[in-house]
Amino acid sequence: MKTRLQGAAVEVDRIRSRLLAWYARTARDLPWRRSKNPYRVWVSEIMLQQTQVDRVKEYFARFLAAFPDVESLAAAREDSVLRLWEGLGYYRRARQLHAAARALVAEHGGRFPRTAEGLRALPGIGRYTANAIASIAFDAAEPIVEANSRRVLARLAGYGRPLDGPAGDEPAGDLPDRLVARRLVPRTAPGRFNQALMDLGAIVCTPARPRCSACPLAGCCAALRARRVDAIPAKAVPRTVKKIRETAVVLRHGDRVLVERRGPGAWWEGLWDFPCAVGGARGQPQGKKLGVVRYTVTQHAVARTVRVRRVVRRGAATVARRWVTVAGLADLAMTAPGRRIARLLKKPAAIC
DNA sequence: AAGTCGGGGCT
DNA sequence: AGCCCAGACTT
């Protein structure tokens, strides 16, 4: 069976059999692959969104130990879910995972929808994740296109234009990689095939210096035939980075410091951080400069000046403002720069 | 269709 | 310093 796409012939049967034979020998042993339990597959897929496999492994183990099933996750406090997620990034994923667990228990009796369409109705589950869960846990023949498989498919088809960035004149739902994926995914064990495609992208068909000589699909690869593997997929135009300065103030009262929880719409919603202001903190006593914490958030490069100031009185605690000891900060889900400031406070220089 | 959301590891 | 990563959601 052959299908022609963008001028590239993709040999479906040959690709399937060679890829699966390779996967049988080479598959990565990943913690979430040891069963087809939809809860485990779901948690792993949410964690893996825009996040590398090696970093997810330990988070996955800790999370499953704390919340082994959808009922325990639904019963948890959002704070404790965020604490386990701290450092993984994209915290909206954690809040939506928690919300979806509650919806599953409240409206589906704790059972997962078995179709991609049903799964997509849950918060945090988009096209990729719905298809991944449906194919891996429920054997639905849904294609998945993510960073790895997308690169493999673009090279197989010899697709020379950028796949992301400015979308150009193609409808997003019908990029050639999606069409190829739909043709390739078999009825039998579609989840295994999908994971094989991702493993090939992760192990052999890598972004830089792919190991084409070890590739089971080298004989089917249009990019290799055209000697354009290094040029495919084409790079998207990089976005310009915007520089931002801000000031954080650590207010100390006795052995306690003031922290605030990020509100709706703010970066790191739901996480705790020290009071922060854009630019310099004008009109306020400055306090002692403790250092500068630099971090980047997508296209923003932020330099956060950190100051420490002792106060005589402390305001009342609210749901979003707390006075906690430095040791007590360990129990809060903090932003990445907030956590770095917390570490600075343990040093002698933080005494004022 | 474009913009926004993080953060770590590697080169 | 830049590149890369098992994307989703809002506007």
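Each chain gets a letter, A, B and so on, in the order the sequences are listed, and its residues count up from 1.
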Expressed in angstrom and rounded to an integer, what is the separation of [X] atom [atom1] from [N] atom [atom2]?
| X | N | atom1 | atom2 | value |
| --- | --- | --- | --- | --- |
| A/Ile144 | C/dG7 | CD1 | C1' | 12 Å |
| A/Arg93 | B/dG7 | CZ | P | 10 Å |
| A/Leu122 | C/dC9 | CG | C1' | 15 Å |
| A/Arg262 | B/dG6 | CZ | P | 9 Å |
| A/Arg28 | C/dC5 | CZ | P | 12 Å |
| A/Met47 | B/dG7 | CE | C1' | 15 Å |
| A/Tyr59 | B/dG8 | OH | P | 7 Å |
| A/Arg55 | B/dC10 | CZ | C1' | 13 Å |

Do [X] and [Y] come close enough that some side-chain heavy atom pair is under 4.5 Å?
| X | Y | answer |
| --- | --- | --- |
| A/Val250 | A/Ile341 | yes |
| A/Arg314 | A/Leu251 | no |
| A/Val302 | A/Arg245 | no |
| A/Asn148 | A/Val152 | no |
| A/Phe60 | A/Val53 | no |

Check whether any side-chain N or O of [X] sits under 4.0 Å from OP1 or OP2 of [N], and answer yes or no.
| X | N | value |
| --- | --- | --- |
| A/Tyr91 | B/dG7 | yes |
| A/Thr129 | C/dA8 | yes |
| A/Gln50 | C/dG7 | yes |
| A/Arg151 | C/dC4 | no |
| A/Gln299 | B/dT4 | yes |
| A/Trp32 | C/dA6 | no |

#### Entry: hbond_proxy A/Gln96 side chain to C/dC9 base (donor-acceptor, 3.5 Å cutoff)
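For A/Gln96, whose side chain was compared with the base of C/dC9, there is no donor-acceptor pair (under 3.5 Å).
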
As a test of reading the structure: which of [options] is closest to the side chain of [X], going by heavy atoms?
| X | options | result |
| --- | --- | --- |
| A/Pro207 | C/dA6, C/dC5, C/dT10 | C/dC5 |
| A/Pro337 | C/dC5, B/dG7, B/dG6 | B/dG7 |
| A/Ala336 | C/dG7, C/dC5, B/dG7 | B/dG7 |
| A/Gln49 | B/dG7, C/dA6, C/dA8 | C/dA8 |

### Message
Return whichever of A/Arg209 or A/Arg340 has its heavy-atom-nearest nucleotide of DNA chain B closer to the 5' end.
### Response
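It is A/Arg340 whose nearest nucleotide is closer to the 5' end.
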
### Task
Test A/Trp32 against every option in A/Asn37, A/Leu48, A/Val43 by the side chain to side chain contact (heavy atoms under 4.5 Å, CB included) rule and name the one that passes.
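In the set A/Asn37, A/Leu48, A/Val43, the residue that makes a side chain to side chain contact (heavy atoms under 4.5 Å, CB included) with A/Trp32 is A/Leu48.
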
### Message
Taking the P atom in each of C/dA8 and B/dG9, what is the distance between them to the nearest angstrom?
### Response
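Those two atoms are separated by 24 Å.
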
### Task
Please measure how far the P atom in B/dT11 lies from the corresponding atom in C/dA6, and state the result in whole Å.
15 Å

Any base atoms under 4.0 Å from [X], or only sugar-phosphate, or nothing? Heavy atoms, all strands.
| X | answer |
| --- | --- |
| A/Trp85 | nothing |
| A/Val53 | sugar-phosphate |
| A/Leu30 | base |
| A/Ile125 | sugar-phosphate |

